[in-house]
Amino acid sequence: MIAYRPSRAPAYAALAFLVVALTAGFLPVLGMGLEQGLSGLDPYVFRVLRFTLLQAGLSTLLSLALGLPLARALARQSSFPGRGLLLQLLNLPLALPAIVVIIGVIEVYGARGWLGGLFDIYGLQGILLAHVFFNVPLAARLILSDLERIPAESWKLSAQLGLGPRAIWRLVEWPAVRSGVAGAALLVFLLCASSFAVVLTLGGGPRATTLEVAIYQSLRSDFDPQRASMLALVQLALCATLALIAQAWGGLAAGWPMLRLQPKRYDGRSMTSRLLDGGIVALAILLLLPPLVALAGAGLFHINPSALLLRALATSIGLGAASAALAFAVVWPLAVLAVRSGAWRKVATIAVLASWIVPPAALATGWFISLIAYAGMTGLAAFLVIAMNALMSLPFVARVLMPALAQSAEGHDRLCMSLGLSGWSRFRLVELPVVKRAIGLSLVMALILSLGDLTAISLFGTQDFVTLPALIYRQMGSYRFDEAIGTALVLSALVLAFSTLARRWSGRQ
C-alpha cells in the first residue's frame, strides 16, 4: 500500500515564514557588525560579555549545588509527609513569569522587605538569588527524573551487598545522573546567559549588565544600532554554541519530567541520612516559599482594577492568544511531515531549534534596524511582539504535538487511505478527536510563555501599548511598588490558572 503523503505546501509556507523572520533579524546585524570589524569589540563589549559569563557561571554552580542534593534527598525519601506539596512547589518557579518572582524576591530581601535589606538586592547578589530561585527547581526536577529511572534491580543488589551511602552514590547514582547533570548545567547556563527580566530589574547599572540587557539599552535608551549589532553578534555566537551543545545532550528544552512511581530504595533509612535529607529539603523550602508567600500576602491588598490594568490584561491575553495561534500554525504542518519522514524530521528539528539559536535580543536588533531604515515602527509593534513570542515557543509546541501526531499517524494512516480521507476531512474526522488535547495543551503552553514575556514588549512596546509584565516594570520604575505587587499577583493568578489547565490536559494524555 502506498504511504500517506500529506500536502507539503503548508510546511513550505511555515519554513518561508521562519526564513524571512530569522533572516530579517540576522542579516542586518551581520552586515552592520562586519562594517565595524574588530573595532566594534571595544572594552564595553568585553566587560558586558565577562559579566554575562560570570553571572551565568555562578548561577549554574549555585543552582546545581542545591539542586543535585535536593533531587537525591527527594529520591531517597520517597514517602515523607508533604512530599507531594513540595513537588508542586518546585513547579511554581517554572510556571511563574520572571517579573512576578522578582517582585516577591524584592519583597523579602529588598530594603523594605521582610529581612530589612540583609544585603544589596541590586547587582550581582540579587541576580544570583533570583536565578537560583528559578533554576534550583529546574535542576532538581531534571536530575530527579534520572534518579527515578534507575532499575529496581540496582537497589536490590546494592542492599544485598550492604553498600553504604558513598558507595551507592559512586557506583549506582552518579553513573545514572552524570550526563543529566552536565545537560542540566548547560541548560541552566544558557537560560542565565540570555536572562533579560532578572538583569533588567535587579542589575546594578553598567557594572551589572548582560548582553541581552545591553542590547536593549543600546536600542531604546542610547539609540545606537551599531553597538547593539555588535553585542547581538557576540550573544548570537554564545547562545548558538550553548543551544547546539544542549541539544546534543538530548534536547533538554523538552517538557518537564513526568514523575511516576519509582522503584523501592533501601538506602537513606538511617537517622543521619534522614536528618541530612531533611535539612536539604528545609533549605529548599526556605529559598522558594518566602517570595511566593510575600507576593500573595502583599498583593491581595494592593490590586488596583484601574483602566490601565484592565487594558494591559486584555492586551496580554490578546497577544498571547495570537502568539499561540501563530506558533501552532508554524509547527503543525512541519510536525505532520516530520512524523512520516526522516528527512522532514531533521528539517523540523533545525527549524524549531533555530528560534533558540538566534536569541530574542539579537533577532529584535535586526528587526529594529530593518524597520527603522525602511518602514519605521508605527503600527508594527503588536505584530513584532506576536512574532517573537511565537518563535520562542516553537520548541514547546513541537514537543507536545509531535508525539501525538506520531501516534495518530501510526494508528490511522492506513485506515484513512483505505477510506480515501485526506485534507480537511481527515483532520476533522480522524486527527482532531485523537490530538485535540495535545493541540489544546500546546496552545496553552505557548499562551503562558507569551503572558510572562518582558523582552519583546520592552523592545517594541510604546507608552500606550503595554502588557502586564511591562506595566509591572513601569510601576517599579516610577516607584509605585505597591501597585506593582498587585499587578504581579493578577499576572501570577492568570498564569497559574492556565498552568493548571495545561497540567490537567497533560495528565489525560
Side-chain angles (χ1 to χ4, degrees), residues 3-26 138 142 145 179-180 182-184 186-191 193-194 236-258 323-360 362-363 387-410 413 431 435 438-439 441-443 445-446 449 506 509:
Y4 173 66
R5 295 181 179 178
S7 173
R8 298 184 178 183
Y12 287 137
L15 289 176
F17 167 76
L18 290 175
V19 169
V20 170
L22 296 174
T23 302
F26 176 72
L138 174 61
L142 290 171
S145 179
S179 61
L186 280 170
L187 180 59
V188 170
F189 191 94
L190 174 63
L191 294 173
S194 58
L236 176 62
L238 175 63
C239 289
T241 302
L242 294 173
L244 291 174
I245 294 175
Q247 183 68 14
W249 283 97
L252 289 175
W256 313 125
M258 297 297 294
S323 299
L326 179 58
F328 175 81
V330 171
V331 171
W332 178 269
L334 294 175
V336 167
L337 294 174
V339 300
R340 297 175 172 89
S341 167
W344 274 99
R345 188 177 301 114
K346 294 180 181 179
V347 171
T349 300
I350 294 173
V352 168
L353 185 61
S355 64
W356 278 29
I357 292 177
V358 183
L363 192 65
M388 181 171 291
N389 287 338
L391 289 174
M392 293 305 106
S393 63
L394 292 183
F396 299 95
V397 176
R399 185 64 181 180
V400 175
L401 285 181
M402 285 189 179
L405 282 174
Q407 183 179 3
S408 175
E410 182 179 357
D413 273 4
E431 289 181 332
V435 302
I439 293 174
L441 177 59
S442 66
L443 291 173
M445 290 180 66
L449 290 172
S506 178
Q509 287 293 85

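Every heavy atom of this structure was used, including side-chain atoms; hydrogens, water molecules and symmetry mates were not.
- Between atom CG of residue Leu190 and atom OG1 of residue Thr241 there is a gap of 10.5 Å, rounded to the nearest 0.5 Å.
- Judged as a ring-ring contact (aromatic ring centres under 6.0 Å, His included), and not counting sequence neighbours, the contacts of Trp344 are Tyr12.
- Considering all non-hydrogen atoms of both residues, Val331 and Ala398 come closest at CG1-CA, 3.7 Å.
- Annotation: the span from Arg345 atom CZ to Thr349 atom OG1 amounts to 8.0 Å, rounded to 0.5 Å.
- When all heavy atoms of Ala14 and Leu334 are compared, the pair lying nearest together is CB-CG, 4.3 Å.
- Proximity of Val336 to Leu405: side-chain heavy atoms (C-beta onward) are separated by under 4.5 Å at one or more points.
- A distance of 10.5 Å separates CG of Leu449 from CG of Leu394, quoted to the nearest 0.5 Å.
- When every heavy atom of Ala387 is checked against every heavy atom of Leu326, the shortest pair comes out as CA-CD2, 4.0 Å.
- Not a single side-chain contact (heavy atoms from CB on, under 4.5 Å) links Pro403 to another residue, sequence neighbours left out.
- Judged as a ring-ring contact (aromatic ring centres under 6.0 Å, His included), and not counting sequence neighbours, the contacts of Phe328 are Trp332.
- Side-chain contact between Leu391 and Phe17: present, with at least one pair of heavy atoms (C-beta onward) separated by less than 4.5 Å.
- Residues Ala11 and Leu337 come closest through the heavy atom pair CB-CD1, 3.4 Å.
- When all heavy atoms of Ser323 and Ala390 are compared, the pair lying nearest together is O-CB, 3.5 Å.
- For the pair Val397 and Val352, the minimum side-chain heavy-atom distance is 4.5 Å or more.
- Scanning all heavy atoms of the two residues, the minimum distance from Ala404 to Val435 falls at O-CG1, 3.7 Å.
- Taken to the nearest 0.5 Å, the OG atom of Ser393 stands 16.0 Å off from the CZ atom of Arg399.
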